[in-house]
Amino acid sequence: MSCRDPHSYTDLDQGRVTHVDLDVNVDFATRRLVGSACLKLAAPASGPLDLDTRTLTITGAATPDGAPVPFELADVDAVLGARLRLMLPAGTTAVIVTYATSPEASALQWLEPAQTDGGKHPYLFSQCQAIHARSVLPCQDSPLARFTFKATMTVPEALTVVMAAAPGSQGPGKAAGTRAFTFEMPQSIPPYLFAFAVGNITSRDLGPRSRVYTEPETLDRSAWEFAEVDSMLLAAEEVFGPYLWDRFDFLVMPSSFPYGGMENPRLTFLTPTLLAGDRSLVNVLAHELAHSWTGNLVTNATIDDFWLNEGFTVWAERRIHEKLYGKEAQALGAAIGRNGLDEALASFGPDSPFTCLKTDGRGKDPDDFYSLVPYEKGFLFVALLEETVGREKFDVFIKKYIKHFSFTSITTEQFEAFLDAELPGVAAQVKAQDWIRKPGVPANAPTFTSAHLAMLKGLAAGWAGGQRPDVAVAKKWTPEDWQIFLQALPRQLSEADCQWLDDNFQLTQHGNCEILCNWLAIAANSGYAPTRDRTARFLGEVGRMKYLKPLYTALHKNAATTALAKATFAKSGGGYHPIARGGIERILSS
Ligand code: BES
Ligand code: ZN
């Protein structure tokens, strides 16, 4: 029996969908995609073929020569959605499913013109990771089931479609006032990397292989912020080997995009909160780029192996960062990551199984246990392997690992077997079992220090005893310095301390969202009233969960601002992505 994914109804022994031809109309009036998906199988099959769906309406199923295919939609499971069982006639090689999505599709956000930069046109985008592709098309929604695809998307003629795929042609659609765009993805992808956006979207070339797409109003700022993309691509190829996805384009999203970035192949999606105006947050672009190898070429088999995607990618992101900006910058990045990890560990508790690298997510919604653990504990484990065998040997190992598992989806156990074969004895030497299958961070975790880092942490540690940074010096700190310092400060400060920080450094007006969010969270935890307006406004400006969650949590748990948290959500929650809205509802009802 093939390996089964606990988050999908996929049974690869029934048949394997290896190509999809999608043809959909995007109807902004009813907030639905309506059309068909032709699913092609690797080999002729017969009998049941189980697919994943979520809030889809299935209107028909037939073979390409018109023979009807009986189908049955099972009862809805709260986590998995509804299983669609097709009964394939003997020798079936393809089946065409006609369907419509729901306005509540969990992967899709439909934006009113007022929620876009330009304010004139509506916008639609998808976010399929982890298990939301099934709300866009019926599919074997497991990373184990990779497929290639072709797509035709028909939209109102004023709008442009971009897709994580190679663009083909565009021309008038069948209905008056519409335009049809075609795409092709010749490299196989796991379903969670299926992605597209529709809106008033324009673009600019940044290098021979890279182009930025965004609304016209955001183009100049985006092109400047991410101008270094080509040097990142070259740095990444040195670490991992050749880039196999032809182009590395990216799309700067409307502000409601719920993540920092999403590594959709050929078209990474990025939050506009990265547009700090000083290139201080470009590590997110490096991160999504690094996924082109760790994640998109070598993919986690299931969510329980998610650390293989994210841990290796954070490690790679920091290698790219080190190449471009030096060791000191790399150490600061790692230290910021370690602070985030310690916070996540504290909130899960010392024995939580969610602090193991290999998790058991059976019966649980992946959006509910998403955390920094696979990222930062994963990073520390990979960095420990590198430290143990030495960079030169480890670089050879990484290149071989990527090449060996390219275009496949692997389990943690497959990684361990490869490690044992290639670097015998190393797993035991680093106590890999403790890292992978035990909670918390083992004592042999690498540490990242520098004199500068120690100075910043020392200043924050001395805060309670009355120590303060020299104002003139701190004004010259880099954004990373400020992040370290704010993360290391006590979570609650006196009113006078809050005022001292804000008067001297104008943190409430800061343009770097990492610094702003860190500061507003400290202020909210401290019950500091003068930042409340800015906090409420910020929660209306951004949809990135990394910022929404800590700020709503801080406002909610302080009795003086519980009502403000609720009122802010009532006002702004309608503009959040469905995934973000669900997350905040859980915080406010706790
Ligand atoms: N693939 C993730 C985003 C993701 C993970 C979406 C799980 C849905 C489910 C992406 O590569 C990511 O990790 N983004 C980070 C940025 C990064 C620098 C840590 C983010 O969104 O903050
Ligand atoms: Zn990632």
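Not measured: the values here are computed from a predicted model. Atoms considered below: every heavy atom in the structure, side chains included; atoms not considered: hydrogens, waters and symmetry mates. Read the numbers this way: they start at 1 and go in the same order the structure lists the ligands and their atoms.
The atom of H287 that is an N, O or S and sits closest to the Zn ion (ligand 2) is NE2. For E310, the N, O or S atom with the smallest separation from the Zn ion (ligand 2) is OE1.
Each of the atoms 11 (O) of ligand 1 lies under 4.0 Å from some heavy atom of H291. Counting the atoms of ligand 1 from 1 in the order shown, those under 4.0 Å from a heavy atom of Q127 are 6 (C), 8 (C). Of all atoms in ligand 1, numbered sequentially from 1 with element shown, those under 4.0 Å from a heavy atom of Y370 are 5 (C), 7 (C). Taking every heavy atom of M262 and a limit of under 4.0 angstrom, the matching atoms of ligand 1 come to 1 (N), 6 (C). Near F306, meaning under 4.0 Å from any of its heavy atoms, are these atoms of ligand 1: 5 (C), 7 (C).
Heavy atoms of H287 found under 4.0 angstrom from ligand 1 belong exclusively to the side chain.
For ligand 1, the polar-atom distance check finds an N/O of G260 within less than 3.5 Å of one of the ligand's N/O atoms. Residue-to-ligand polar distances keep Y259 apart from ligand 1: every N/O pair is separated by 3.5 Å or more.
Centroid-to-centroid, the aromatic rings of F194 and F149 come within less than 6.0 Å. If you look at Y547 and Y552, their ring centroids are not closer than 6.0 Å. A ring-centre distance under 6.0 Å is found for F226 and F250. Taking the six-membered ring wherever Trp is involved, the centroid distance between the rings of W315 and F394 falls below 6.0 Å. Taking the six-membered ring wherever Trp is involved, the centroid distance between the rings of F381 and W435 falls below 6.0 Å.
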Check: Can you list the steps and then say if L124 with R31 is a side chain to side chain contact (heavy atoms under 4.5 Å, CB included)?
Finding: CA-CA 9 Å; L124 166 67; R31 298 194 157 185; over 6 Å; no
Next item on the list: Give the intermediate values and the outcome of side-chain hydrogen bond (donor to acceptor under 3.5 Å, both in side chains) for residues T271 and R544.
Entry: CA-CA 7 Å; T271 167; R544 186 176 176 186; 5.1 Å; no
Checklist line | E376 and L380: CA distance, side-chain angles, deciding distance, side chain to side chain contact (heavy atoms under 4.5 Å, CB included) verdict | finding: CA-CA 6 Å; E376 296 295 347; L380 289 173; 5.8 Å; no
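Under a 4.0 angstrom heavy-atom cut-off, R544 registers as being in contact with ligand 1. Ligand 1 is never approached by Y192 to a heavy-atom distance shorter than 4.0 Å.
If you check which protein heavy atom lies closest to atom 13 (O) of ligand 1, you get Y375 OH, 2.7 Å. At the top of the distance list for atom 11 (O) of ligand 1, counting protein heavy atoms only, stands E288 OE1, 2.7 Å. Protein heavy atom at the shortest distance from atom 10 (C) of ligand 1 is G261 O, 3.2 Å. Nearest protein neighbour of atom 5 (C) of ligand 1, counting heavy atoms only, is Q129 OE1, 3.3 Å. Protein heavy atom at the shortest distance from atom 2 (C) of ligand 1 is E310 OE2, 3.4 Å.
The main-chain N or O of Q330 is never found under 3.5 Å from a side-chain atom of E322 such that the two would form a donor-acceptor pair. Looking at D52, its side chain does come within 3.5 Å of a backbone N or O of D141 through a donor-acceptor pair.
In this structure, of H132, K546, E317, E263, the residue bringing a heavy atom nearest to atom 1 (N) of ligand 1 is E263.
Under the 4.5 Å side-chain criterion, counting only non-hydrogen atoms from C-beta, Q129 is in contact with F306.
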